[in-house]
Amino acid sequence: MNHRVHLPLLRESEPPSTGAASTGLAAALLGEITECLAQLADGSGESSIDLRSLPLTDADREELSCVLGRGEVSMTLTLGGDSEIWETAYPGVWWVRHRGGDGDLIGDFIEIATIPRIAVAHRDDIRGSQRRLARWLDEEQRRRAAR
Amino acid sequence: MMTRRQPTVAEEMAARGVSRRAFLKFGACIGSLLGLGSEAALALGEAIAQARRRSVIWLSFQECTGCTESLTRAHSPTLEELIFDFISLDYHHTLQAVSGAAAEEARLASMKENAGQYLLIVDGSVSTRDGGVYSTIAGITNLQMLEETAKDAFAIIALGSCAAFGGLPYANPNPTGAAPVSALVSGKPLVNVSGCPPVPTVITGVLAYILAFGKLPELDHLGRPLAFFGETIHDRCYRRPFYDRGLFADSFDDEGARKGYCLYKVGCKGPVAYNACATQKWNGGTSFPIQSGHGCFGCSEPSFWDREGGLYGPLPSGQLGDAKTALVAAAVGLGLGAASASLGRQRQQAADADVLRPRKDET
């Protein structure tokens, strides 16, 4: 018996019907993303596409969003306004959307990477964490000793 | 004696609990505004993180404080506000806590301590008639203060149309002999960030670029950053398709206006105005004048107050065509728009050559 395992989070959406307002840019972008994935797979490097730099219509954006879908991972970065990061239905293709404090969109990127760079803790922050946690432990030991 | 090392911006921010991700986000978003590639945007964020706070002296001359309001009244917390964490604002009339002699001492002390390194921002035009007596601060004319402060500046930002091109004080009959900064200072890197006021994200983008890379961004023929002033409002206007189809509002609140048609006939200067309002917008990206039903004044252009036809007259036919010519646009579409904008550009360049020099009777 053939048991098919359905993974709902990785399903691909049906491409939307192409309306008059679609310029074909979404299809061109998907081609570029495919090439970037090939580079990522063979270790040639990560890529980033700045969607705000492109004259995408709402229909183009909708088409891109429908085809890429949503994958298994999503994150929210709370830093001067929320940034939403989610992996698309195509592992290695991430949508990174930055918002300002008032909720306005200030950055919109497709990143082709193992994990978006902004999600990775910086080495300086890791050192800072180690120092802060060690300080907390020292203070806690002193507090306990004083009891 | 050992001098204490000045911390980097990243170190200062880390002490306040701000992680390096803030710089990545800032670099990505500002890099996007500046049209930088992803690697250059990354480099911008990293360069600001590793930089030491640069001293900034902000001089306000014949101005209305709108330029300061533009930058500081954005909804918070925003990228625009974050820029204040990356600089040491040593002198600014409106924002500084001290006043009088103490304020001037702060300016002089910063100039001495940071000679050759401080960034000078000027908003407002400079009175030059009768020795510049029409605008003074702390007993000296704006002209004297500019000369004194510009001498050891690393670079100068002429912020707003008054500082960049003279603005309202320069308008006919220009009673104070107002002049733009570029007409009075030479031998210093200078960038004009025009607009009345300039778009806050444009101010932030230019500041961030200079702080990160230690040089000015690429400029247009009027000394403005190309990344923000490379296209006309008309080029990026969402009402452009109506222009191309010959659909216009003939007056405010007529049927065409209500349908959102092109505002060219009610005086929109979008075809000859180079600025980023149509893409960056105002009030947290909410809107811009054309989206609110009003034509563009072209406030980022030299002498916009004195433009032929006034603020509400249609652009002269030589620039965009009369109503009949405009209707032809419906037939030829984008071609005429591009050609008209190009004509406008040529005319503007000729006019601009004049405004960058003070008039003879003003010097």
Side-chain angles (χ1 to χ4, degrees), chain A residues 20-21 23 32 36 39 45-58 75-85 94-113 115-132 135, chain B residues 8-11 13-42 45-46 49-50 73-83 85 200-201 204-205 227 231 235-236 238 240-241 279-287:
Chain A
T23 64
E32 188 179 339
C36 293
Q39 286 176 16
E46 301 177 340
S47 314
S48 176
I49 298 168
D50 180 0
L51 297 180
R52 294 187 90 202
S53 70
L54 302 170
L56 291 168
T57 62
D58 287 346
M75 295 176 254
T76 303
L77 179 70
T78 49
L79 183 73
D82 286 350
S83 295
E84 306 155 57
I85 302 168
W94 299 82
W95 203 305
V96 180
R97 184 168 280 173
H98 296 302
R99 295 191 183 278
D102 32 20
D104 53 309
L105 186 68
I106 56 174
D108 203 14
F109 302 89
I110 298 289
E111 289 196 20
I112 299 89
I115 192 158
R117 232 181 295 214
I118 200 161
V120 179
H122 193 280
R123 193 177 295 274
D124 288 354
D125 288 335
I126 296 170
R127 288 196 191 99
S129 296
Q130 184 270 327
R131 282 194 298 270
R132 280 194 299 132
R135 199 180 312 131
Chain B
T8 64
V9 173
E11 286 166 347
M13 299 288 275
R16 291 162 46 190
V18 177
S19 78
R20 290 294 288 272
R21 291 191 178 104
F23 295 92
L24 279 177
K25 181 170 177 176
F26 185 84
C29 297
I30 294 295
S32 172
L33 295 178
L34 288 161
L36 303 178
S38 59
E39 289 306 312
L42 195 71
E46 184 61 21
Q50 294 304 331
R73 295 292 180 184
H75 301 175
S76 62
T78 64
L79 283 179
E80 293 92 299
E81 290 194 339
L82 199 56
I83 200 74
D85 291 319
T201 42
T204 307
E231 292 178 296
D235 288 336
R236 301 301 296 264
Y238 76 101
R240 174 65 182 267
T279 50
Q280 296 305 312
K281 302 193 178 180
W282 289 86
N283 300 319
T286 304
S287 182

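Labels below follow one simple rule: chain letters A, B, ... track the order of the sequence lines, proteins then strands, and each chain is numbered from 1. As a basis for the values below, the full set of heavy atoms in this structure was taken, side chains included, without hydrogen atoms, waters or symmetry mates.
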**Q.** CG-OG distance between L34(B) and S53(A), expressed to the nearest 0.5 angstrom
**A.** 12.5 Å
Q.
Using heavy-atom distances under 4.5 Å, tell me whether A28(B) contacts chain A through its side chain, its backbone, both, or neither.
A. both
Q: Can you tell which part of E39(B) gets under 4.5 Å to a heavy atom of chain A, answering side chain, backbone, both or neither?
A: side chain
Q: Report, as yes or no, whether the 6.0 Å neighbourhood of atom CZ on R97(A) holds more than 12 heavy atoms from other residues, nucleotides or ligands.
A: yes
Q.
Could you report the tightest heavy-atom contact between I106(A) and K25(B), atom names first, then the distance?
A. CD1-CE, 4.2 Å
Q: Indicate the atoms forming the closest heavy-atom contact of I118(A) with L24(B), along with that distance.
A: CA-CD1, 3.7 Å
Q) With only heavy atoms counted, which part of A121(A) is less than 4.5 Å from chain B, the side chain, the backbone, both or neither? A) both
Q | Nearest non-hydrogen partners of S38(B) and S48(A), listed with the distance | A | CB-CB, 3.6 Å
Q) If you round to the nearest 0.5 Å, how far is CG of D108(A) from SG of C29(B)? A) 9.5 Å
Q: Flag the one option from E111(A), R132(A), R117(A) with the top tally of heavy-atom pairs under 4.5 Å to chain B.
A: R117(A)
**Q.** Residues forming a side chain to side chain donor-acceptor pair (under 3.5 Å) with R20(B), sequence neighbours excluded
**A.** H122(A), D124(A), E46(B)
**Q.** Least distance between heavy atoms, R52(A) atom then S32(B) atom
**A.** CB-OG, 4.1 Å
Q | Contact class of R99(A) relative to chain B, heavy atoms under 4.5 angstrom | A | backbone
Q. Using non-hydrogen atoms only, which part of V120(A) is less than 4.5 Å away from chain B: side chain, backbone, both, or neither?
A. backbone
